[in-house]
Amino acid sequence: MSNKKILLFPGQGSQSPGMLRELAEKFGSSPKIKAVFECGADILGYDLKSLLFTQDDGESTQASAKLADTLYAQPAIFAASLVSLYSMQIAGQASRFLTGEYNDSAGHSLGEYAALVSCGVLDMESGFKAIKVRAEIMSRAGKTNPGGMTAIIGLSHQQVTAICDKLRIMGFFATLANFNSPLQCVIAGEEAALAKAEILAKKVPDAPRVKCVRLKVSGAFHTKLMNAASEEFKEAISGISFAEPKANFYSNVTGGRIEHINADYLAMHIVSPVMFAAQLKKIHSKGYSTYIETGPGKILSGLVGKTLVNVKTYNVEDEASLARTIEEA
């Protein structure tokens, strides 16, 4: 039986103070891990380590507040995901696990940027440059066009679409932004619309276990409220070079594998719904049986479990999860 592996990189909302600290310290002498923090600091203009790795409760509280801000969350998650990726490559050399420089990859929203590094489309420096600009522009857009995102768990995409349609008739704006699994999606829009949507979701007949969770983001991402940000971003990254993928890359925008990625694609990605459930099904249809969440948290592992059957899921965010993944995957 084939054991095709694919790496899945998480997006905004997966962040937490101290994420990936164990692995960053364990492999801290590696040139690749050093390069993540040195390159990041040079491009961002601040110390990523001090943002990611905190000690006492006071610092953790401050870090949590900072990581809730798109401006800092996006670079931090990108860096943490690269630490996870490079830790797997370094630790797996003895067992010939993911020893190649490039790997079949997909990401969820922001996670596509680490995935593009993983499959060779962007180098680390270009990735940090794009993320810096993206975070700055989307942070500003969130202040100019205030909004947020709510995960709705327990309703189908069709049921949530009906809620958004009802909101539109009532004069509110909210739309599906992430199609995460058959019974989980994320809506994005104005704050008043989200509050109303959460009330309507819990009133859907024969759906007693509906759960609504506000995401740790500072804008209505993947909607028309990001249109101006998308255009500004495309122009700002026009000088970045994109290579052809050296491994398979699966897209949020199309749900399938794509071979040509450029500034136009990444700009479109900012305003397009994340078709993650369709993406997972397409990946599965190509024979992938092992899904490795590469970065902080287990959000994507959970979505895989809710969408696919007869597959294995792993995550790599600390020494224990790294050891398990290398041993079993």
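Since this is a predicted model, take the numbers as computed values, not measurements.
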Subject >> Co-membership, hydrophobic cluster, residues Ile43 and Leu266, 4.5 Å side-chain >> reply: yes

**OP:** Give a yes or no on whether a salt bridge exists between Arg21 and Glu25, defined as a side-chain N under 4.0 angstrom from a carboxylate O.
**Re:** yes

**OP:** Answer yes if Leu52 and Tyr46 sit in the same cluster of Ile, Leu, Val, Met, Phe, Trp and Tyr residues linked by side chain heavy atoms under 4.5 Å apart, and no otherwise.
**Re:** yes

Subject >> Atom of Met149, atom of Ala177 and distance for their closest heavy-atom approach >> reply: CE-CB, 3.8 Å

Subject >> Under-4.0 Å salt bridge between Lys298 and Glu317 >> reply: no

Original post:
Checking Gln159 side chain against Ser156 main chain: does a donor-acceptor pair fall under 3.5 Å?
Top reply: yes

Subject >> Test item: Lys4 side-chain N/O and Lys286 main-chain N/O as donor-acceptor pair under 3.5 Å >> reply: yes

**OP:** Please check if the side chain of Ser126 supplies one atom and the backbone of Leu122 the other of a donor-acceptor pair under 3.5 Å.
**Re:** no

Subject >> From OH (Tyr314) to NZ (Lys5), nearest 0.5 Å >> reply: 9.0 Å

Original post:
Where the side chain of Ser81 meets the backbone of Ile77, is there a donor-acceptor pair that is under 3.5 Å apart?
Top reply: yes

Original post:
Would a distance-only check, ignoring hydrogens and angles, find a side-chain to backbone donor-acceptor pair under 3.5 Å from Thr307 to Val304?
Top reply: no

Subject >> Over 12 non-hydrogen atoms of neighbours within 6.0 angstrom of NZ in Lys281 >> reply: no

Subject >> N-O pairing of Glu125 and Lys129 below 4.0 Å >> reply: yes

**OP:** Before accepting this row, confirm whether a basic side-chain N of the pair Glu191/Arg214 lies closer than 4.0 Å to the acidic partner's carboxylate O.
**Re:** yes

Original post:
side-chain hydrogen bond (donor to acceptor under 3.5 Å, both in side chains) between Thr70 and Ser218: does it pass, once the steps are laid out?
Top reply: CA-CA 6 Å; Thr70 296; Ser218 52; 2.5 Å; yes

Subject >> Nearest atoms (heavy-atom pairs only) where Glu244 meets Val121 >> reply: C-CG2, 4.4 Å

**OP:** Quick one: closest heavy-atom pair of Thr223 and Val271, and the distance?
**Re:** O-CG1, 3.7 Å

**OP:** Say whether, by atom type as modelled, one donor and one acceptor occur between the side chain of Asn252 and the main chain of Gly107 under 3.5 angstrom.
**Re:** yes

Subject >> Any side-chain heavy-atom pair of Leu48 and Phe128 under 4.5 Å >> reply: yes

Original post:
Within the side chain of Ser230, is there an N or O that forms a donor-acceptor pair under 3.5 Å with the backbone of Met226?
Top reply: no

Subject >> Single-linkage hydrophobic cluster Phe179~Leu110, side-chain heavy atoms < 4.5 angstrom >> reply: no

Original post:
Do Pro10 and Glu293 come within less than 4.5 Å of each other through their side chains, counting heavy atoms only?
Top reply: yes

Original post:
Rounded to the nearest 0.5 Å, how far apart are CD1 of Ile137 and OG1 of Thr144?
Top reply: 11.5 Å

Subject >> same_hphob_cluster(Leu7, Leu116) at 4.5 Å side-chain heavy-atom cutoff >> reply: yes

Original post:
Can a donor-acceptor pair be found between the side chains of Ser105 and Ser118 at a distance below 3.5 Å?
Top reply: yes

Original post:
When rounded to the nearest 0.5 angstrom, what distance separates CD in Gln184 from CG in Leu155?
Top reply: 11.0 Å

**OP:** Could you check if a side-chain atom of Leu183 sits within less than 4.5 angstrom of a side-chain atom of Lys306, using non-hydrogen atoms only?
**Re:** no

Subject >> Cationic N near anionic O, under 4.0 Å, Asp264 to Lys234 >> reply: yes

Original post:
Side chains of Tyr288 and Asn3: donor-acceptor distance under 3.5 Å anywhere?
Top reply: no

**OP:** Ignoring hydrogens and angles, tell me if any N or O in the side chain of Ser16 forms a donor-acceptor pair with the backbone of Met19 under 3.5 Å.
**Re:** no

Subject >> Aromatic ring proximity Tyr102/Phe249, centre distance under 6.0 Å >> reply: no

Original post:
Do Val210 and Leu167 sit in the same hydrophobic cluster, where Ile, Leu, Val, Met, Phe, Trp and Tyr count as joined when their side-chain heavy atoms come under 4.5 Å apart?
Top reply: yes

Original post:
So which heavy atom on His157 is nearest to which on Ser181, and how close?
Top reply: NE2-O, 2.8 Å

**OP:** Return yes when atom NZ of Lys246 has more than 12 non-hydrogen atoms of other residues, nucleotides or ligands closer than 6.0 Å, and no otherwise.
**Re:** yes

Subject >> Shortest non-hydrogen contact from Val117 toward Asp123 >> reply: CG2-O, 4.0 Å

**OP:** Examine distances only and state if a side-chain atom of Gln15 and a backbone atom of Gly13 form a donor-acceptor pair shorter than 3.5 Å.
**Re:** yes

Original post:
Hey, does the side chain of Ser84 reach the backbone of Val316 with a donor-acceptor pair shorter than 3.5 angstrom?
Top reply: yes

**OP:** Answer yes or no: is there a side-chain heavy-atom contact under 4.5 Å between Leu176 and Val160?
**Re:** yes

Subject >> Verdict with supporting geometry, Val253 and Met275, side chain to side chain contact (heavy atoms under 4.5 Å, CB included) >> reply: CA-CA 6 Å; Val253 177; Met275 308 298 292; over 6 Å; no

Subject >> Side chain proximity check, Glu112 to His269, heavy atoms < 4.5 angstrom >> reply: yes

Original post:
Quick check, are the ring centers of Tyr113 and Phe9 under 6.0 angstrom apart?
Top reply: no

Subject >> Between His222 and Ser109, a side-chain donor and acceptor under 3.5 Å >> reply: yes

**OP:** Evaluate side-chain hydrogen bond (donor to acceptor under 3.5 Å, both in side chains) for Lys143 paired with Ser139, printing each intermediate quantity in order.
**Re:** CA-CA 7 Å; Lys143 294 178 175 67; Ser139 179; 3.2 Å; yes

Subject >> Heavy-atom side-chain contact between Thr175 and Ile187 under 4.5 Å >> reply: no

Subject >> Glu319 CD: over 12 foreign heavy atoms closer than 6.0 Å >> reply: yes

Subject >> salt bridge (Lys or Arg N to Asp or Glu O under 4.0 Å) partners for Arg324, two or more places apart >> reply: Glu328

Subject >> Qualifying residues under ring pair (Phe, Tyr, Trp, His ring centres under 6.0 Å), relative to Phe27, sequence neighbours excluded >> reply: none

Original post:
Got a second to check how far Ile152's CD1 is from Ile163's CD1, nearest 0.5 Å?
Top reply: 5.0 Å

Original post:
If you count the non-hydrogen atoms of other residues, nucleotides and ligands that lie under 6.0 Å from NZ in Lys196, is the total more than 12?
Top reply: no

**OP:** Over all heavy atoms of both residues, which pair between Tyr72 and Leu67 is shortest? Give the atoms and the distance, please.
**Re:** O-CD2, 4.4 Å

Subject >> Check: Asp318/Ser321 side-chain N/O donor and acceptor closer than 3.5 Å >> reply: yes

Subject >> Rounded distance [0.5 Å steps], NZ in Lys26 versus CD1 in Ile90 >> reply: 10.5 Å

Subject >> Pairwise distance CG(Leu44) to NZ(Lys132) - rounded to 0.5 angstrom >> reply: 7.0 Å

Subject >> Side-chain heavy atoms of Ile6 within contact of Thr290, under 4.5 Å >> reply: no

Subject >> Residue pair Ser251, Gln279: steps toward the side-chain hydrogen bond (donor to acceptor under 3.5 Å, both in side chains) verdict >> reply: CA-CA 7 Å; Ser251 161; Gln279 190 176 349; over 6 Å; no

Original post:
Looking at Phe276, Tyr250, Tyr291, which one forms a ring-ring contact (aromatic ring centres under 6.0 Å, His included) with His108?
Top reply: Phe276

**OP:** Indicate yes or no: at least one non-hydrogen side-chain atom of Asn178 is less than 4.5 angstrom from one of Pro273.
**Re:** no

**OP:** Could you tell me whether Lys66 and Asp69 have a side-chain N and a carboxylate O separated by less than 4.0 Å?
**Re:** no

